[in-house]
Each structure stands twice: as C-alpha cells, then as structure tokens.
Amino acid sequence: MAFGLTKRKMVTVLSIDGGGIRGIIPGTLLANLESKLQELDGPGARIADYFDVIAGTSTGGLVTTMLAAPNKNNRPMYAAKDINNFYLQHTPKIFPQTSRRCCMDTVTRFIGAFSGPKYDGKYLRSLTKELLGDLTIKQTLTNVVIPAFDIKYLQPVIFSTSDGKMNVSKNALLSDICLSTSAAPAYLPAHYFETKDADGKTRTFDLIDGGVAANNPTLMAISHITKEIIMGKRMLVLSLGTGAAKREEKYSAATASQWGSLNWMYDNGAKPLLDVYGDASSDMVDIHVSTLFQALYAEKNYLRIQDDTLTGDLASVDIATKENLEGLVKIAEKLLKKPVSRVNMETGQFETVEGEGTNEEALGRFAKQLADERKLRTT
C-alpha cells in the first residue's frame, strides 16, 4: 500500500496493545504526547493528524477508533485527554463488579467461568453503536489497522482503512469492528456480523478478540506499510503497552506441571492460558521490531513504552473498581517519569537505556519529530 505522499522523510506509526481496562495506561501516555503536539502546533492538534497508521488490538482498537473516527465536523471524535475519562466512566458498566465478582463465592465463580462469558457485553454493544452509528472503517481520518480472529475459519481478520476503501466487504461498521477486536474469550461474547461484497453476496464474520493473534499490533502495522519502506522511506514508530505482570512471577513450573485443561483455563480466579498468550504475543513482536530497528541502525526511531511491574488487581483486564482504575492512572503517570527502557531479549524484562532520559522526555522528542514531518508535508 502506498499513501501517495512524496514530500516525506518517514512513515509514522502508532501501535496500541490490548489489555482491557489497562487501556488507561496508553490513554495517559497519548494525552501527554498530544499536549506536547499542541504546544508546538496549537490547541487544535490531534494525534490522528500526525500518524500515517494507527494500529490497535482489543482495548487498543477502541482507543484507535476514538482517535481516528470523525465527528460531525470531520475531526477526531475524542481528544487524547478524554480517553481516560471514557475508561473511568464506562468500564465499570462494561465490567460490572457487583454481579460477577463481589457477590459470588469461590465455588460459584469457578462454575460460572465455564458456563458462559463473564460479562454479557450488552452495555459495550449499545455504547459503541450509539457513539459510532453508521460510520465505517473507510471513513477514518487516518489509516487504521485493527485485528480480530475468525473462529469459524481459524484465521486472523485484519480490518484496515485501505482495505475498506478497496473492498466493500471489508468496509465494516466501526462499531462491529470494535466489538469484534475486544471480544476477549471467557470475558465477552464472540461477535457475529455480515457485510455485502460488490455483487451483493453476503460475507459473514464470527469474531473474537484480536489479541489471540496480535496483542501487540506493531509488526502488523509495519507490514501494512511495507510498500512505503521498499520505496526508501524511514519509519518512526511509537508502540504503547498496557502493562504486564512479569515481575509478579505469577506461575511456576512446579505448579503448572500439575495442571490439567481446566486449571490452564481457570486457576483461583486467574486465567493462565490467556495471560501466557497475551504476554507471549506482545513480547515476540517487541523482540522482532527491536531487532529490525537495530539492524537498520535506527534504534531511536522505535519507542516502546511498557510497564512490566503490575501486580494483583492492577494486572487484571476487568477489575473496573474506582480504586483500581485510579491506580492504573497513577501507574501511567509514574511510567512517564521512568527512564526510557528497551527489552532485554534474554530475560524479556525492560532495562534502562542510558542517556535517553525519561519516557516523558522521549515523547517530547517524538512530538518534535512528528511536528517537523507534518510541516515538511504541508509546506
């Protein structure tokens, strides 16, 4: 895919991981980045004005849509500073705690884990349809890439603005795409919808959370701009994680060696298999992309911001209590003050990069590069 822009030094990419309520973490980082862009270019600056591609999985897909879906004035539906308000207002209703967590004993919760999804998804369905209406993916203000997984055909389905423009059967409603990419197994129901191709033939989709295929969608976004890279354009990539519990050391071989199928799916309230898939997917992508940028001698053009110290309820994707949500905001604010880190390919943990300052300072430098690139294209 080529974007048709000849006045450019680089292709700009934003990637946002999946992680349920932990979308508050990239929401906080994006608000900081957008405020820096506004310092450079005025209060009307929005994230979508600066990125050629925004990719998001699951909760990251919701954030992507908030940043890139047009309002009635053909500007982004949400400013980045409003993302956290969305999570604080709506996630307690998407993941109601009283009915599913506080009022059930351990045995009842265990049985419930195998009798259907933990949440019915009704509030999320009504919310997305109310906010997005008849908007389709080809109408986004910049190119977006949002994955889901088709359980009928057992293969990933990638929705993108470019595909929506070229293929009417992929020009799905943004509300359907959001419900699909966020349909985490065991948490929310799978989502079914239909589209029509150019000949009026029906195409069906039976979709679950894109995180089972690409919880960190950075590589997916880069593959989306392969043609641009071949044309000699450099990449500027910002990849935002939603936090991980690596240092909590949740499981051990001694324990897991005794587990059967049920324990891998549900162990004392945790879902080990989902944890493993989510972290493995995100980390492998980070390792591949880090290696790619090192090989290109362009390490500083790839900024990955992730917190790997989450513990307890803060590591959950659905414990949407006021205390927990506010705790995630504090984690994100502290993350801004932490030094820039890169993944150690042996341990998988993030280690400080000397001489690059804090994540907030790195976002400031990133904002300057984005603003300079935009000026290059518009002068």
salt_bridge(Asp17, Arg304) N-O dist < 4.0 Å: yes

Trace of the salt bridge (charged side-chain N to carboxylate O under 4.0 Å, His left out) decision for Glu373 with Arg377: CA-CA 6 Å; Glu373 177 66 19; Arg377 300 181 190 186; 2.9 Å; yes

Test side chain to side chain contact (heavy atoms under 4.5 Å, CB included) applied to Tyr87 and Thr28, Thr59, Val329, Leu328, the passing residue: Thr59

Got a donor-acceptor contact below 3.5 angstrom from the Arg203 side chain to the Ser169 backbone? no

Give the cluster check for Leu370 versus Val340: same hydrophobic cluster or not, with ILVMFWY residues linked at side-chain heavy-atom distances below 4.5 Å. yes

Taking atom types as modelled and ignoring hydrogens, do the side chains of Thr202 and Lys196 form a donor-acceptor contact shorter than 3.5 angstrom? yes

Without swapping roles, check the side chain of Arg125 against the backbone of Asp120 for a donor-acceptor pair under 3.5 Å. yes

In terms of hydrophobic clusters joined by side-chain contacts under 4.5 Å, are Leu135 and Leu173 together? no

Can you get from Leu292 to Met284 by hopping between Ile, Leu, Val, Met, Phe, Trp and Tyr side chains that sit under 4.5 Å apart? no

For Glu360 and Leu336, indicate whether the former's side chain and the latter's backbone hold a donor-acceptor pair under 3.5 Å. no

Okay, side chain of Glu34, backbone of Ala31: is any donor-acceptor separation there less than 3.5 Å? no

Under 3.5 Å, is there a donor-acceptor pair between the side chain of Asn71 and the main chain of Asn73? yes

How long is the span from the OG atom in Ser182 to the CG atom in Leu124, to the nearest 0.5 Å? 5.0 Å

Anything under 30° is parallel, anything over 60° is perpendicular, the rest tilted; go ahead and classify Tyr119 against Phe95. perpendicular

Could you check whether atom NZ of Lys375 has more than 12 heavy atoms from other residues, nucleotides or ligands sitting under 6.0 Å from it? yes

Decide whether Gln139 and Thr136 meet the rule of one side-chain donor and one side-chain acceptor closer than 3.5 Å. yes

Within the side chain of Thr242, is there an N or O that forms a donor-acceptor pair under 3.5 Å with the backbone of Gly18? yes

Atom CD of Glu323 with >12 non-hydrogen neighbours under 6.0 angstrom: no

Short side-chain to backbone donor-acceptor contact, Thr57 and Ala214, under 3.5 Å: yes

Donor-acceptor contacts under 3.5 Å from residues 144-154 side chains, at least two apart:
| residue | atom | partner | partner atom | Å |
| --- | --- | --- | --- | --- |
| Asp150 | OD1 | Lys152 | N | 2.9 |
| Asp150 | OD1 | Tyr153 | N | 3.3 |

Ignoring hydrogens and angles, tell me if any N or O in the side chain of Asn324 forms a donor-acceptor pair with the backbone of Asp313 under 3.5 Å. yes

For Thr161, is there any backbone N or O sitting under 3.5 Å from a side-chain donor or acceptor partner on Asn143? no

Please determine whether the number of non-hydrogen atoms from other residues, nucleotides or ligands lying under 6.0 Å from atom NZ of Lys338 exceeds 12. yes

Examine Leu174 and Leu141 and state if one hydrophobic cluster contains both, with Ile, Leu, Val, Met, Phe, Trp and Tyr joined whenever side-chain heavy atoms are less than 4.5 Å apart. no

Between Lys165 and Lys138, which heavy-atom pair has the shortest distance, and what is it? CE-O, 3.5 Å

Which atom pair, heavy atoms only, marks the closest approach of Ser316 to Ile21? O-CG1, 3.8 Å

With heavy-atom distances below 4.5 Å as the criterion, would you say the side chains of Val289 and Leu219 are in contact? yes

Polar contact flag, side-chain donor to acceptor under 3.5 angstrom, Tyr50-Asp41: yes

Check the orientation of Phe205 and Phe159. Use parallel for under 30°, tilted for 30 to 60°, and perpendicular for over 60°. tilted

Tell me if a side-chain donor or acceptor on Asn359 pairs with a main-chain N or O of Leu335 at a distance below 3.5 Å. yes

Which residue pairs pass the salt bridge (charged side-chain N to carboxylate O under 4.0 Å, His left out) test with at least one member in residues 175-194, sequence neighbours excluded? Lys129-Asp176

Do the charged groups of Glu333 and Lys337 touch, with an N to O distance under 4.0 Å? no

Closest non-hydrogen atom pair, Arg22 against Gly243: NH2-O, 3.1 Å

